[in-house]
Each structure stands twice: as structure tokens, then as C-alpha cells.
Amino acid sequence: MQLSRRDTLRAGGGLVAGAGYAATTGPLLATSATVATQNLGLGVPLLDLLTQERLDPTLVGERFARLAASPVPERMDVLAAELTAESPAIVGVQEGALVERDGEPVFDFLSLFERGVAEAGGEYRRVAVSPNADITLPAAHDGEEFDVRFHDRDALFVREDVAVEATDAQQFTVNASRRLDGRRLVATRGFCRADCFVDGVPVVGISTHLSAADRRIRYVQAQALANQLPEERALVLLADLNSRPLAEDPSAYSLLAGQLTDAAAATGEPGFTCCRDPTLDGGGLGFRLDFVLTGGPARPLGTRLTAVDDAARVQAGDQRLWPSDHAGVVADLRVGVEPGRLGDVARALVAQALGTDPFA
């Protein structure tokens, strides 16, 4: 194949950009990439029922009825449109719940988010899912008795032009649990991973949502995650850590931020991401739980929040609800290839020269 002058100049431009980055971080070749993370937000305080002294089917039924009547599809459309407008290469989402009544789906948050992305003109695909807590509770409402299933999931989506080499999903071995009415309920958490190529440059994306129940459990989960982070490739950890930067040490945040770079803090833009009222009808953002953390040959350039303007609210009867109790975080990065990884360097060179990844 013979390259045109334009293709040659395009490849040269990528090398020049990479060379400037190499002077400060070491990679031989680099490209720009935008990534994002968003906790979708269930919309009702359902899991706090596990902290009660006993299971109350009537209370479960009331919470479920409130969720079933809420504008979940419209909320997912707003979140999807806001993120699609940023055109991120990789998107991590948390609380992508599947909610069922007697085995029949009521809301599939991931599918609704996916549909919203497509309706907003985005071309993305779901490439990895972490199956987290899967809990069924007895419920009673309006004279009926039924079971409510809540299946929590984290996920990774990639833009259509992003190649994916491999994926993985794991559950943490240490999780919060409780025995209620003779049954043990486990709030399982985990993470999912996708080894991607953005403009031919390898980028590992990970989405996770650490335990909200106990600081010690969060720390153990963070340690398990830290032990599996790649060192030689650009890494983006897209996470709701349930751990604040100013939390008492040792914390999940301090452990992970000690090994990685907090994109918002590094660029001087650490806006609050959490937490509005769980019912989404009020409350303000007062601290940070949602993060883009980078590692390896990845340098943050800037961050910004999504789903924070009043225009993002959704009408529900006489109320205007926020699309989630969390803001989204978008980060612009410069990601590169380490000189020692010759195969990755070759792939990136070809992809930048052709304007597409022929190995995708």
C-alpha cells in the first residue's frame, strides 16, 4: 500500500505531538483522548433497606412503586445526551441496575442508557459488565405480594471507532453482607476492564463502584483493584470510590490516588460530584466521590462535570428531578505508548497514518 502525502503528514503530526509529550513523560507516541464516568443513580433509597433490623415487605413495596412510577427512561436519555455531546472514547458507568418484579424486567438502566446514546446520535457499544449485588426482596403493595429483584452492574462503553483487544470482569472477594430474616444478603461489588486502542494507542479502561457500607471493606477492595492495575499501558480508572479525598487515612481514595493521578485535582478543577437526595428531587453536590484516575503514559489536560445545570432536570408530575444523584466527570487526556512496547508503537503508527485502526 502506498501512502499519500496527506497520510504521511498526518502520521508525522502524530509523531510530533508524541515527541512533545515524550519530553515530559517518556512515551514515544501519543494521541488525545476524552473519557467519562457517570453513576446512573437508582432514584430511590432501596439498598438502605438492608440496614433495617428486619425486612419490611410493605416498605420494599412502597420504594419499588416509587421507582416504577419514576421517569427512569427520560433520566437515562438526559445522562446519555450529556455524555454523547462530549464524544468520549471510553465511558464508565456505575449503578446500571436491572430491576425486576416477579422475574419480569421493569427497568434495565444499562439498556436505557444505551438507547439514549443512540438517540443522541452516538455510536457506542457495551464491551464489559461487572455483575455486582443480585438481591431479591419480598414486597407488598396495593394488596399484592411480589418479589423485587435488584441486580447492580457497572459497565464500560466505547465509541465505535475504538478497538477492543480483551475484556474482563471480576467480583471482589470481600464485600458487605448482612443476615436478615434468616437469609444472608451480600452487597457484592467488582470491576470490569477493557483493553482498548484509541487511534491505535493502547488504553486500559476500568469501571468500578466500591462499597458504600464500610471504610475497611472499601480499602480492601481498593487494594485488590490496585494489585491488578497495568503499569506499562495508559490507564483510566472510571470510578465511584465512595471515598472522599479528605477522608481519614488509610482510605480507598488515598490508596488509589497514591498510585494514580486524580485528573480533576491535577488540573485544578475538582468540582463536587455527590450527592443529591437519593429521591433526586433536591439536595446539592457537596463533595467528590466520582473520579477519573490515570496511570502509565496518560496525562490529564482538563476535566469538567456533566448533569449539573438546571436544564438537565426531568419533569415528573409537579416535580423536576435530577437525572442522577451524581454528576458525571469528563476528562481530556494525552495518552501514549511506552518506547519498549514495540508492537504497540507499530500499531499506533499504522493507525495514525491510515486514520483508522486496521486491526480493529
Side-chain angles (χ1 to χ4, degrees), residues 33-42 76 79-80 83 88-98 108-114 117 122 124-135 150-160 162-175 186-198 202-212 217-218 220-231 233-243 252 256 259-260 289-296 298 324 326 328-331 335:
T34 298
V35 299
T37 186
Q38 175 70 64
N39 183 313
L40 300 181
L42 186 60
M76 295 304 104
L79 296 177
L83 290 177
I90 305 172
V91 179
V93 301
Q94 302 83 39
E95 286 194 29
L98 172 63
D108 183 336
F109 281 60
L110 290 182
S111 294
L112 290 171
F113 177 78
E114 216 164 14
V117 168
Y124 285 77
R125 64 191 190 278
R126 191 193 314 180
V127 295
V129 176
S130 170
N132 300 330
D134 195 344
I135 295 173
F150 169 76
H151 182 26
D152 180 41
R153 300 166 296 176
D154 305 325
L156 284 167
F157 295 84
V158 300
R159 205 173 52 219
E160 196 56 42
V162 174
V164 177
E165 182 180 52
T167 62
D168 186 26
Q170 298 185 33
Q171 294 179 334
F172 296 123
T173 57
V174 177
N175 295 283
V186 182
T188 307
R189 299 294 174 113
F191 67 91
C192 56
R193 165 177 171 162
D195 292 10
C196 307
F197 288 88
V198 180
V203 181
V204 176
I206 296 177
S207 178
T208 193
H209 186 190
L210 301 187
S211 174
I217 293 174
R218 264 195 307 278
V220 172
Q221 292 175 348
Q223 183 65 70
L225 182 59
N227 290 340
Q228 300 193 52
L229 298 179
E231 296 181 356
R233 287 186 167 185
L235 165 70
V236 290
L237 176 58
L238 309 167
D240 176 351
L241 296 180
N242 272 315
S243 178
L256 291 168
Q259 297 186 28
L260 305 173
L289 293 183
D290 306 86
F291 304 91
V292 174
L293 301 178
T294 65
S324 173
H326 293 246
V329 182
V330 178
V335 295

| query | Given Ile206 and Leu225, is the side-chain contact (heavy atoms from CB on, under 4.5 Å) satisfied, shown in steps? | reply | CA-CA 10 Å; Ile206 296 177; Leu225 182 59; 4.2 Å; yes

| query | Has the side chain of Thr34 got a donor or acceptor atom that lies under 3.5 Å from a matching backbone atom of Pro88? | reply | no

| request: Indicate yes or no for a side-chain donor-acceptor contact from Gln171 to the backbone of Ala133 under 3.5 Å, with no hydrogens or angles considered. | output: no

| remark: Here the gap from His209 atom NE2 to Asp152 atom CG, rounded to the nearest 0.5 Å, amounts to 7.0 Å

| query | Does the side chain of Asp290 pick up a donor-acceptor pair with the side chain of Asn39 at under 3.5 Å? | reply | no

| task | Applying side-chain contact (heavy atoms from CB on, under 4.5 Å), run through Phe150 and Leu42 and close with a yes or a no. | result | CA-CA 10 Å; Phe150 169 76; Leu42 186 60; 3.9 Å; yes

| task | Take Gln221 and Asn175, measure what side-chain hydrogen bond (donor to acceptor under 3.5 Å, both in side chains) needs, and give me the verdict at the end. | result | CA-CA 8 Å; Gln221 292 175 348; Asn175 295 283; 3.3 Å; yes

| Distance, nearest 0.5 Å, that separates CD1 of Ile90 from CG of Leu156 | 7.5 Å

| Once you round to the nearest 0.5 Å, how far does CG of Leu110 lie from CD of Glu95? | 11.5 Å

| Any side-chain heavy-atom pair of Val204 and Arg193 under 4.5 Å | yes

| Side-chain contact, heavy-atom cut-off 4.5 Å: Thr294 with Val335? | no

| said: If we ignore hydrogens and angles and just use 3.5 Å, is the side chain of Asn242 paired with the main-chain N or O of Leu210 as donor and acceptor? | reply: yes

| query | Hey, are the side chains of Leu237 and Thr208 touching, using non-hydrogen atoms and a 4.5 Å cut-off? | reply | yes

| remark: Nearest heavy-atom contact between Val174 and Ile217 is O-CG2, 3.9 Å

| Heavy-atom pair with the smallest gap, counting every atom of Leu79 and Ser324 | CD1-CB, 4.1 Å

| Shortest non-hydrogen contact from Ala194 toward Val164 | CB-CG1, 4.4 Å

| message | Could you measure the distance from the CD atom of Glu231 to the CD atom of Gln259? Nearest 0.5 Å is fine. | response | 8.5 Å

| Heavy-atom check, side chain of Phe157 versus side chain of Glu114, under 4.5 Å | yes

| message | Between His151 (side chain only) and Ile135 (backbone N and O only), is there a donor and an acceptor less than 3.5 Å apart? | response | no

| Could you state the interatomic distance from CD (Gln38) to NE2 (His326), rounded to the nearest 0.5 Å? | 8.5 Å

| query | What is the minimum heavy-atom distance between Ala298 and Leu235, and which atoms define it? | reply | CB-O, 4.2 Å

| request: Without swapping roles, check the side chain of Arg218 against the backbone of Ser211 for a donor-acceptor pair under 3.5 Å. | output: yes

| note | For Ala36 and Val330, the nearest pair of non-hydrogen atoms, with its separation, is CB-CG2, 4.0 Å

| Does the side-chain contact (heavy atoms from CB on, under 4.5 Å) test come out yes or no for Phe113 and Leu83, once each step is laid out? | CA-CA 10 Å; Phe113 177 78; Leu83 290 177; 3.9 Å; yes

| request: Output, in order, the C-alpha distance, side-chain angles, deciding distance and verdict of side-chain contact (heavy atoms from CB on, under 4.5 Å) for Arg153 and Asp108. | output: CA-CA 10 Å; Arg153 300 166 296 176; Asp108 183 336; 2.7 Å; yes

| note | Closest non-hydrogen atoms of Pro131 and Ala169, given as atom of the first, atom of the second and distance, are CD-CB, 4.3 Å

| message | Using 0.5 Å steps for rounding, measure from the CG atom of Asp240 to the CG atom of Asp154. | response | 8.5 Å

| request: Indicate yes or no: at least one non-hydrogen side-chain atom of Ser111 is less than 4.5 angstrom from one of Met76. | output: no

| query | Hey, does the side chain of Gln94 reach the backbone of Ser207 with a donor-acceptor pair shorter than 3.5 angstrom? | reply | no

